[in-house]
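Data block below; observations after.
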Amino acid sequence: MSRPVSRPRRVEILPLERSRSGHALFSAPRPSDETLIAEISPDQSCELFCHRRQTDQLMVLRGAIDLVVLEDRHLRRIRLREDEASWVCIPPGVPHGAINRGRTPAVVVNAVLRHGPSDPRDYLPRRVPGALLPAWRALAA
């Protein structure tokens, strides 16, 4: 009987593996089941979401965002910028959301890893625990 593959339970920031050919810069691909491109507007309110059977692998292609994750009962802000490219891997079960503090939309690629079927609750906003509301308001302001 094969054992399930263990996945990290914490958010990881991975350096971008890249190569240059002439004037083009290429990123090494991330393994994925689906690749999504998202535009995050500056006026979009930040909400936390949690995927039960999905790993998000995010990189900002244009602009900048503050990624907010709820990890070990603490809110953590991770700044993602196009000029400091890196991959952020968010494992299943970690609530997260994005804030665009700029004046123009940010463009993000998500190389999604699926660990089972999607759950309709994955895209419903998660409630921020009461004890973290002051920290949440400070991050979202």
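Here I78 contributes atom CD1 and D66 contributes atom CG; the two are 10.0 Å apart, rounded to the nearest 0.5 Å. To the nearest 0.5 Å, atom CE of residue M59 and atom OG of residue S86 are 9.0 Å apart. The distance from the CG atom of L16 to the CD atom of E84 is 12.0 Å, given to the nearest 0.5 Å. The CG atom of L132 sits 7.5 Å away from atom NE2 of H74, with the distance rounded to the nearest 0.5 Å. Atom CZ of R52 and atom CG of D119 lie 4.5 Å apart (nearest 0.5 Å). Between the CZ atom of R126 and the CG atom of L48 there is a distance of 8.5 Å, given to the nearest 0.5 Å.
When every heavy atom of W87 is checked against every heavy atom of S27, the shortest pair comes out as NE1-OG, 3.8 Å. Considering all non-hydrogen atoms of both residues, R81 and A64 come closest at CG-CB, 3.8 Å. In terms of heavy atoms, L14 sits closest to C89 at CD1-SG, 3.5 Å. The two residues P92 and T55 have their closest heavy-atom pair at CD-OG1, 3.4 Å. The nearest pair of heavy atoms linking H96 to V69 is CB-CG1, 3.7 Å. Contact detail for P134 and G130: the closest heavy-atom pair is CD-O, 4.0 Å.
Using modelled atom types, one side-chain atom of N100 and one backbone atom of G102 make a donor-acceptor pair closer than 3.5 Å. A side-chain donor-acceptor contact under 3.5 Å links R53 to the backbone of P117. D56 contributes no side-chain N or O that, together with a main-chain N or O of L58, makes up a donor-acceptor pair within less than 3.5 Å.
Counting only heavy atoms from C-beta outward, the side chains of V11 and V94 approach each other to under 4.5 Å. In this structure the side chain of Q57 reaches within 4.5 angstrom of the side chain of L113, judged on heavy atoms. Two residues are said to be in side-chain contact when any heavy atoms from C-beta on lie closer than 4.5 Å; L67 and I90 meet this criterion. Between L70 and P129 there is a side-chain heavy-atom pair separated by less than 4.5 Å. In this structure, the side chains of W136 and C46 come closer than 4.5 Å at one or more pairs of heavy atoms.
If you chain together hydrophobic residues whose side chains sit under 4.5 Å apart, L80 and V108 fall into the same group. L61 and I65 are assigned to two separate hydrophobic clusters, defined by single-linkage of ILVMFWY side chains at heavy-atom distances under 4.5 Å. Using a 4.5 Å cut-off between side-chain heavy atoms of Ile, Leu, Val, Met, Phe, Trp and Tyr, with links allowed through other members, I40 and L36 fall into different hydrophobic clusters. A continuous path of ILVMFWY side-chain contacts below 4.5 Å connects I99 to L75, so both sit in one hydrophobic cluster.
Applying the 6.0 Å contact sphere to CZ of R79 captures more than 12 heavy atoms from other residues, nucleotides or ligands. Applying the 6.0 Å contact sphere to CD of E17 captures no more than 12 heavy atoms from other residues, nucleotides or ligands.
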Could you walk me through whether F49 and L124 pass the side-chain contact (heavy atoms from CB on, under 4.5 Å) test, one step at a time? CA-CA 6 Å; F49 299 91; L124 297 176; 5.9 Å; no
Go through the steps to decide whether V112 and S32 satisfy the test side-chain contact (heavy atoms from CB on, under 4.5 Å), and finish with yes or no. CA-CA 5 Å; V112 176; S32 68; 5.6 Å; no
Pair E12, V88 - check side-chain contact (heavy atoms from CB on, under 4.5 Å), show working. CA-CA 6 Å; E12 295 181 285; V88 175; over 6 Å; no
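Using a cut-off of 4.0 Å between Lys/Arg side-chain N and Asp/Glu carboxylate O, E71 and R10 are scored as salt-bridged. A salt bridge does not link R62 with E82: none of the charged nitrogens is closer than 4.0 Å to a carboxylate oxygen.
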